[in-house]
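Scroll down for the structure; my scribbles are underneath it.
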Amino acid sequence: MTALHTRATDAEPATAEGMSDRASTRVRRIQLSPTIAIAGRAGVLRSAGRDVISLALGELDFDTPARIVEAAHKAALEGFTRYTAADGAAPIKDAVREKFRRDHGLSRGRDEIHVASGCKQVIFNALAATLDPGDEVVIFAPYWVSYCDLVEFCDGKAVVIQTSGDNGFLPDPSALRRALSARTRWVFINTPNNPTGAIYPSALLAELAEVIRNHSSAMVLSDEIYEHLAFDGNVHVPFTLAAPRMRERTLVASGVSKTYAMTGWRIGYAAGPTWLIDAMARVQSQTAGNACSIAQAAAVEAIAGDQTLIGDWLNTLQRRRNRALAILAKTPLLKVSAPAGAFYIFADVSACLGRHAPDGGRILSDSDLAEHLLMHANVAAVPGCAFGASPFIRISFVIEESLLAQACERIVDACNALQHRQAT
Ligand code: GLU
């Protein structure tokens, strides 16, 4: 089997994956984002005529609401088409300040707000602004595919702590205590979590905060991009609400992509202490310059305008999630549980390993399984290894329900067709 996704290690330098040795050492430490790479492969196969259904990307299929598009149109016609302040124009900073006041109980000045081209760039700016070579960033696995690469690109060292599905993928404060060192600059917290959907309870956030508070070099990057996406009455607790005493040592990052179906507009934002916001603005001013002015105007409408659509979208997503779970339960080879938030099912595929596909290929890893699903079942999903946890596959339930159902049926059929080969 060809692996669909492998992470470069010291033993297997990135050049082995086709990166030219003319590329910098820094860029050879990272890989193409696996979520984007797999979605890209699905797109190529589709344009070649294959009926591939992609469950790879975390991107809502809903249209950006018309009132948001109209706000962008109006801004463009009114000439809001020039450079803005590097880390965001006053209107979006004010909308973000109001959002943090409303949702997080955080009162922040404009000099404590950063706006960039997506939450990914917010995180990059924070790391580029703070990491010196060898500085450590503690990350809980399964983690979002870009965290470790962003850290390594910025010369830092990712210190990964595994969490377990047996415990709902919740982090263990004593494991965190053991992982902290004099070099720790950041601890990343991501709730609701990509890829597991776990929502960290308030008491756990407070416990994690206490561990970090005693470690003065460490800051928290609380990635809350899925903050509005919680199911079954679960509620997301903002980190700064659970741990108010950590306010000056926390960067809360979020954005409009996931909540308002605005992935392409590329607007992320963050709130943090002024020294950090200053440092991040320098990075932004020397790289992107500023996030797109027209997209900023659209984001103001998204953040400050009517929020009722979120409830409707959540109902649709919850229905899709339940349908997908019901279908996936039809194979004993997948272990699935209902995610509390975000929009991914993180299925345990250990029962598939060691089995043979009908074409004779043997499934030895989650990456083999994802490759098999793509090439033989016409479904794109992301293997757990991309999130630092195996053997799993991540299934995004962000596509239209009947298509999602069809994709899940294909996964079930493909899994049920895997056989243990009889010894002869
Ligand atoms: N965050 C989304 C995902 O995990 C979008 C793609 C990406 O940037 O990784 O699928």
Side-chain angles (χ1 to χ4, degrees), residues 4-5 7 30-43 52-62 64 116-127 139-153 158 169 188-199 221-229 236 253-270 288 291 295 313 317 320-321 324 339 341-347 366-367 370 373-374 379-389 392-399 404 407:
L4 185 62
H5 166 81
R7 185 173 170 74
I30 65 171
Q31 61 194 332
L32 194 63
S33 162
T35 43
I36 293 173
I38 294 167
R41 272 188 72 194
V52 171
I53 305 175
S54 181
L55 307 178
L57 266 188
E59 173 172 67
L60 290 173
D61 62 331
F62 308 137
T64 303
S117 305
C119 193
K120 193 175 327 202
Q121 193 175 39
V122 167
I123 298 171
F124 171 77
N125 289 349
L127 294 172
I139 294 170
F140 298 104
Y143 47 69
W144 176 46
V145 294
S146 292
Y147 287 159
C148 293
D149 286 56
L150 286 169
V151 168
E152 285 164 24
F153 189 75
F169 295 108
F188 279 16
I189 289 178
N190 173 216
T191 174
N193 184 268
N194 176 6
T196 66
I199 293 185
L221 191 146
S222 184
D223 176 351
E224 304 185 18
I225 187 83
Y226 296 95
E227 60 189 319
H228 294 290
L229 298 162
H236 159 68
S254 190
V256 296
S257 296
K258 309 295 183 185
T259 306
Y260 305 101
M262 292 179 69
T263 43
W265 299 77
R266 309 308 306 136
I267 294 290
Y269 53 78
W313 285 3
L317 286 171
R320 289 179 184 174
R321 181 201 67 167
F343 34 55
Y344 309 106
I345 293 168
F346 202 53
D366 51 21
S367 150
L373 291 176
L374 180 62
V379 177
V382 186
C385 58
F387 306 93
F392 293 90
I393 53 167
R394 189 191 77 172
I395 292 164
S396 302
F397 50 88
V398 286
I399 60 169
L404 175 67

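Start at 1 and go down the list; that is how both ligands and their atoms are numbered. Predicted, not measured: the structure shown is a model, and the values here were computed from it.
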(message) Applying side chain to side chain contact (heavy atoms under 4.5 Å, CB included), can you list everything that pairs with Ser146, at least two apart in sequence or on another chain?
(response) Ser33, Lys120, Trp144, Leu150
Check ligand 1 for N or O atoms under 3.5 Å from a protein N or O and list each pair with its distance.
{"from": "ligand 1", "atom 1": "1 (N)", "to": "Trp144", "atom 2": "NE1", "distance (Å)": "3.4"}
{"from": "ligand 1", "atom 1": "1 (N)", "to": "Lys258", "atom 2": "NZ", "distance (Å)": "3.1"}
{"from": "ligand 1", "atom 1": "4 (O)", "to": "Trp144", "atom 2": "NE1", "distance (Å)": "3.3"}
{"from": "ligand 1", "atom 1": "4 (O)", "to": "Asn194", "atom 2": "ND2", "distance (Å)": "2.9"}
{"from": "ligand 1", "atom 1": "4 (O)", "to": "Arg394", "atom 2": "NH1", "distance (Å)": "2.9"}
{"from": "ligand 1", "atom 1": "8 (O)", "to": "Lys120", "atom 2": "NZ", "distance (Å)": "2.9"}
{"from": "ligand 1", "atom 1": "9 (O)", "to": "Thr35", "atom 2": "OG1", "distance (Å)": "2.6"}
{"from": "ligand 1", "atom 1": "9 (O)", "to": "Trp144", "atom 2": "NE1", "distance (Å)": "3.0"}
{"from": "ligand 1", "atom 1": "10 (O)", "to": "Gly58", "atom 2": "N", "distance (Å)": "2.8"}
{"from": "ligand 1", "atom 1": "10 (O)", "to": "Arg394", "atom 2": "NH2", "distance (Å)": "2.8"}

(request) Mind checking salt bridge (charged side-chain N to carboxylate O under 4.0 Å, His left out) for Glu227 and listing every partner two or more places apart, or none if nothing turns up? (result) Lys99
(message) With a 4.5 Å cut-off on side-chain heavy atoms, are Tyr344 and Val382 touching?
(response) no
(message) Check whether Asn125 reaches the backbone of Val122 with its side chain - one donor and one acceptor, N or O, closer than 3.5 Å.
(response) no
(message) Suppose we screen for salt bridge (charged side-chain N to carboxylate O under 4.0 Å, His left out). Which residues come up paired with Arg321, at least two apart in sequence or across chains?
(response) Asp232
(message) Could you check whether any side-chain heavy atom of Asn193 comes within less than 4.5 Å of a side-chain heavy atom of Phe346, counting everything from C-beta outward?
(response) no
